[in-house]
Each structure stands twice: as structure tokens, then as C-alpha cells.
Amino acid sequence: MNNHPRIEIMDTTLRDGEQTSGVSFVPHEKLMIARLLLEDLKIDRIEVASARVSEGEFNAVKMICEWAAKRDLLPRVEVLGFVDNNVSVDWIYNAGCRVVNLLTKGSEKHCRFQLKKSCDEHVADIKKVVAYAREKGMDVNVYLEDWSNGMKDSPDYVFRLVDGLKDCGIRRFMLPDTLGILNPLQVIEFMRKMKKRYPELHFDFHAHNDYDLAVSNVLAAVLSGVKGLHTTINGLGERAGNAPLASVQAILKDHFHAITHIDESKLNDVSRLVESYSGVTIPANKPIVGDSVFTQVAGVHADGDNKNNLYCNDLLPERFGRVREYALGKTSGKANIRKNLEGLGLELDEESMRKVTERIIELGDRKELVTQEDLPYIISDVLKHDGANNKVRLLSYFVTLAQGLKPMATLSIEINGQTFQESSSGDGQYDAFVRALRKIYKGTLKRKFPMLVNYAVSIPPGGRTDAFVQTVITWNYEDREFRTRGLDADQTEAAIKATIKMLNIIEEQTIEI
């Protein structure tokens, strides 16, 4: 194998990824994802739909193809079609797409029991569809569905199928592990057999993750000389999902020195958008895109990073548009805390550092989360600065909730020594509170008010009604995103605490009024 193989990536988030249980993208979401995949991530090809699904799916494909055609990207947009007397081809063509990925049967069992046909009969049907599509000026790729079981149980059938199709103008033969049954050694064995028998053909490999082997199997396919790989954003896909693009890209580059067109710096942004649209939360420890994967927890690791990056590998967060963070908790040492203080531009003497470290460890033992934004408050508390230095203090507030009426909030707040009062209604108690605050900042003070980007609520396991509620709010202010947390038995009170923390953080960056 070439030391620097060129690997073509086909992303199927919008087709196979949408087969994730509970996931359905509306047309404008599909268009937005398609734009990011092709323009930002520089994906080689995207599979955006299955033919004949619905009118909404037709409209989505049409929108994507119209957009792609204006930017000379149409040849990189593909749709799954079927051997159905050309009905799928017409559907795809009328939607504006010019590449059909034809689903055929890659195992004798599927051919005989699902189609009730012989291999020769199936080949004849496929050839008719391929010829029809090519007459219409379309490119044709072919999926050999259940190819993995075909190679295990009926390899002669697979070879007879490909023998019958290899000379009829098919551009790519796409080999899926449809049921996710293969291990890397089997992928190498079967793929090498295909490459040896058909050295002139372009093979793609399509992995499923039922045994948590999708990424390993993809890399085994690359080792065997495959030219194309199929991935999805965040590993979305039927059952256990598909091979996640971020992981595949990182390993291709670092372990195989493979060449792709992927812009790694955009992976995190696209991942977050797909997370939002799909409703499928990214696990915190998911490689490359998880919240925690560039966070050092142990103090010894932070100390090592200070001493020539002893605990860093090639997966530098900056590659993926992210930064390294240093968690605060019971395993934190002074090095972790210093790293966070550096980010805030703060310095402490050794005795103060000892006291702050002890308090953070104490909080960690109680399983409370401690963030960089919490540090100034912990320092103030530990060093007996009792909050008098806070530039924003909530003096009082009153919220109402009555059936049939919009919630109301009235508050009194002190900002840099001046007291302000305001009232507002809202869609909820917290929304009313924020609207009243916004009136003060934007109306009275003529100042910017941060944008709320995300609002998350969690309680400890067990579901007790008297449990503390933790509210985590993500804000955007002056093109910088940061999070604040509030903890209280009442959800609205927890959110208000997080909001007052936010106001003090931005007040430190603002000239006094």
C-alpha cells in the first residue's frame, strides 16, 4: 500500500444517519448540514436521502441539489435508489440529483429470500436500471447490501454478481457491513480478495458499529487498499450507528498518513450543529468532539503539561477548533488550578493557593462541579472577601405564576453601586426575570446584554422532589462563549444565580457606568 494513500470520504449523515431511532431532519436542516459538509468540512461526497420516501424528502433533495448546482457541487450529491423498474431513478432525476447509489443484494440469502430471484436474474435487472440511468446522464454507484455475510456464506455469489456488473459503467462498488458483523481481520481478508480479483475497480467500505468495531474495520479496509470510506457525523446511523467522521479522520491522518480533503478545524462546529438538529446528545467522552476529551483532570497531568507538554499527544485540541481545559475537583492539584487562573489572568501566593486547593477538593468530594468561571467566587469566599466586591448584586425579586396569565417578574438590582428596578412579563418565570434585566441593561443603561445560547437542567440520580437542581447556562458576549452554573432546590432560583454570576463576569470586562 502507498505510504500516503488518498482516501475519498462519503458522508451519509443525511441518509443513513437519519435512520437513527428518533432522528428526522426537516428540509432546511438537511440543506444547512449539506452546506457545512461540502463547503466547511470539504467532504468529497454526501448521500442526502433515499428515493421515494416522502414528498418532504423530495423537496429536501431538490433544495440541496439546486443549491449545489449553483456552486458546481452537484456531482458530489448522491441519493440511494432501488432496483424498481426505474421508478427510483426517475424520482432522483426529477429532484435534480445526478448520482444514484443503487441498492443491490450482496448476499445470496438476501437475493433468494427477499427478491426470490437467482443471481443472473438480479444482475439482468440491475443492468437495465444502470443503462437507463446512464442514458439520462447520471453516474451510478452500487451498494452490495449484506456484502459481509455474502463473503462469509456465499462468496461465489458475490463474485458472480460483480463479474456480471463490472463492465456496465458502474463508477463505484460500495461494500457494506450491513449488520455490523465483521472484525478487522475479516475485513482485511475479504477486502483483499475483492482487490485481488478486481484490481481495476473502485471500492468503498461502509461500516456499522454493532460490535463497536466500525472505526477499526474502516481502518482495516484502508490497510487493504480500499479507495473510499463512508462515515456519519457523531456516528449516527441505524442500530449502533456508523463510523464517526471525526475519529476516522484523526486516525487516517495520524496513523496512516492518509490524505483527505477534510478541514479538521470545522469538525467540532458541524458536530454540535448535528447534535442540535438530531437531538442525539454527544457523550462527554466521545473522542475528538466530546465535551471532556480535551480536559485534564489529574493534577499531575497539568503539572506535566507545564513541563514540556508531557501529557499531550498528537490530538491537539487546536486541530479541531478547541482548547485544552483543566478540570477542577477532588483530584485537582495546584497545577490544575494555576492553569485555570492563568486563563483568568489571576495570580495567588502559595498560602492562598493552598486554601483554594483545599476548598476545591472539598467541593469535589461533595460531587459539585467547579468551573473556571466559579474560581473568582471560590477565591473570594476562601480569602474572606464576602462578596462585597461583586459589582452586580441582586437585592430582591418577585415572580408570579398564575393559570391563564403570563408569568411576571419584578426585581431590584445593584450595578456598580447604583440601584435599578424593573418589571416584565415572559413565557416563563425565568424568561420574565431575564426580560426585566434586559430592560435595565439595554433600555436604561444602553448596554449590550449577553445572548443565551444553551440552557440545561440536571438533578442528582434518584429523582427525589427535594433534590438540588443544577442549571448550566451558556452565554455569548462579545463573540466569547462561556458557561455559568447555579445550584438551588428551585430551578428558577438556580437559573437566576447562574445569571447573576454571568453579570459579574461581564462586568469585570466593562468600564464602570
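FYI, side chains are in, hydrogens and waters are out, and symmetry mates aren't considered; it's all heavy atoms of this structure. The shown structure was predicted, so the numbers you read here are calculated from the model rather than taken from an experiment.
Using a distance-only test at 3.5 Å, with no hydrogens or angles considered, no donor-acceptor pair links the side chain of Glu481 to the main chain of Thr474. For Arg76 (side chain) and Ile43 (main-chain N/O), a donor-acceptor pair under 3.5 Å exists by modelled atom type. The backbone N or O of Lys501 sits nowhere less than 3.5 Å from a side-chain atom of Thr484 that would complete a donor-acceptor pair. Between the side chain of Asn234 and the backbone N or O of Leu236 there is no donor-acceptor pair closer than 3.5 Å. Looking only at distances, a side-chain donor or acceptor of Glu275 sits under 3.5 Å from a matching main-chain atom of Ile282. For the pair Glu121 (side chain) and Ser118 (backbone), a donor-acceptor distance under 3.5 Å is present. A donor-acceptor pair under 3.5 Å is formed between the side chain of Asn209 and the backbone N or O of Leu213. Using a distance-only test at 3.5 Å, with no hydrogens or angles considered, a donor-acceptor pair links the side chain of Asp431 to the main chain of Asp427. Under a 3.5 Å cut-off, the side chain of Arg272 and the backbone N or O of Val289 do form a donor-acceptor pair. Counting only distance, with no hydrogens or angles, the side chain of Lys448 and the backbone of Glu478 share no donor-acceptor pair below 3.5 Å.
Qualifying salt bridge (Lys or Arg N to Asp or Glu O under 4.0 Å) partners for Lys286, counting only residues two or more places apart in sequence or in other chains: none. For Glu29, there are no salt bridge (Lys or Arg N to Asp or Glu O under 4.0 Å) partners, not counting sequence neighbours. When the ring-ring contact (aromatic ring centres under 6.0 Å, His included) test is applied to Phe320, no partner is found at least two apart in sequence or on another chain. The ring-ring contact (aromatic ring centres under 6.0 Å, His included) test applied to Tyr211 returns no partner, not counting sequence neighbours. The side chain to side chain contact (heavy atoms under 4.5 Å, CB included) test applied to Ala133 returns Val89, Val100, Met138, Val140, not counting sequence neighbours.
Taken to the nearest 0.5 Å, the OG atom of Ser107 stands 6.0 Å off from the CG atom of Asn149. If you take CG on Leu144 and CE on Met194, they are separated by 6.0 Å, rounding to the nearest 0.5 Å. Distance check, rounded to the nearest 0.5 Å: CE of Met10 to OG1 of Thr231 gives 8.5 Å. Atoms CZ and CD1, on Arg35 and Ile46 in that order, are 12.0 Å from each other to the nearest 0.5 Å. Rounded to the nearest 0.5 angstrom, Ile64 CD1 and Lys62 NZ are separated by 13.5 Å. Atom NZ of residue Lys128 and atom CG of residue Asp125 lie 6.0 Å apart, to the nearest 0.5 angstrom.
Under a cut-off of 6.0 angstrom, the local environment of NZ in Lys136 is crowded, with over 12 non-hydrogen atoms contributed by other residues, nucleotides or ligands. Atom CZ of Arg319 has more than 12 heavy atoms from other residues, nucleotides or ligands within 6.0 Å. Around atom CG of Asn85, no more than 12 heavy atoms belonging to other residues, nucleotides or ligands sit under 6.0 Å away. For Arg197, the CZ atom counts as densely surrounded, since its 6.0 Å shell holds more than 12 non-hydrogen atoms of other residues, nucleotides or ligands.
Side-chain contact between Leu182 and Trp147: present, with at least one pair of heavy atoms (C-beta onward) separated by less than 4.5 Å. Side-chain atoms of Leu161 and Ile126, non-hydrogen and from C-beta on, do get closer than 4.5 Å to each other. Taking the side chain as every heavy atom from C-beta outward, Thr20 and Ser278 never approach each other to under 4.5 Å. A heavy-atom distance below 4.5 Å is found between the side chains of Thr260 and Leu252. A heavy-atom distance below 4.5 Å is not found between the side chains of Phe190 and Val158. Counting heavy atoms from C-beta outward, Leu41 and Leu267 have side chains that approach closer than 4.5 Å. Looking at heavy atoms from C-beta onward, Asp177 lies in side-chain contact with Ile181 at the 4.5 angstrom threshold. Proximity of Tyr430 to Leu452: side-chain heavy atoms (C-beta onward) are separated by under 4.5 Å at one or more points.
Closest non-hydrogen pair, Ile7 versus Asp44, comes out as O-OD2, 4.0 Å. Residues Tyr455 and Gln491 share a closest heavy-atom pair of OH-NE2, 3.6 Å. What you find for Tyr143 and Pro176 is that their closest heavy atoms are CD2-CG, 4.2 Å. Scanning all heavy atoms of the two residues, the minimum distance from Leu201 to Val162 falls at CD1-CG1, 3.8 Å. Heavy-atom minimum distance, Pro450 versus Tyr477: CG-CD1, 3.7 Å.
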Leu223 and Phe256: side-chain contact (heavy atoms from CB on, under 4.5 Å), yes or no, with the steps?
CA-CA 8 Å; Leu223 189 64; Phe256 287 87; 4.1 Å; yes
Checking Glu57 against Lys30 for the salt bridge (Lys or Arg N to Asp or Glu O under 4.0 Å) test, could you report, in this order, the C-alpha distance in whole Å, the side-chain angles of both residues, the deciding distance, and whether it holds?
CA-CA 10 Å; Glu57 195 79 334; Lys30 281 203 165 193; 2.9 Å; yes
Quick one: do Tyr157 and His122 satisfy ring-ring contact (aromatic ring centres under 6.0 Å, His included)? Show the steps, please.
CA-CA 11 Å; Tyr157 167 88; His122 190 34; 7.5 Å; no
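Applying the side-chain hydrogen bond (donor to acceptor under 3.5 Å, both in side chains) definition to pairs two or more places apart or across chains, those involving residues 97-106 are Glu47-Asn101, Glu78-Asn101, Asn101-Asn141, Lys105-Gln114, Lys105-Glu145.
Look at Asp139 and Arg45 and you find no salt bridge, because none of the NZ, NE, NH1 or NH2 atoms lies under 4.0 Å from a carboxylate O. With salt bridges taken as basic N to acidic carboxylate O contacts below 4.0 Å, none links Lys70 and Glu66.
Using modelled atom types and a 3.5 Å distance limit, the side chains of Asp16 and His230 yield no donor-acceptor pair.
Taking the six-membered ring where the residue is Trp, Phe159 and Tyr198 present tilted rings, their angle falling between 30° and 60°.
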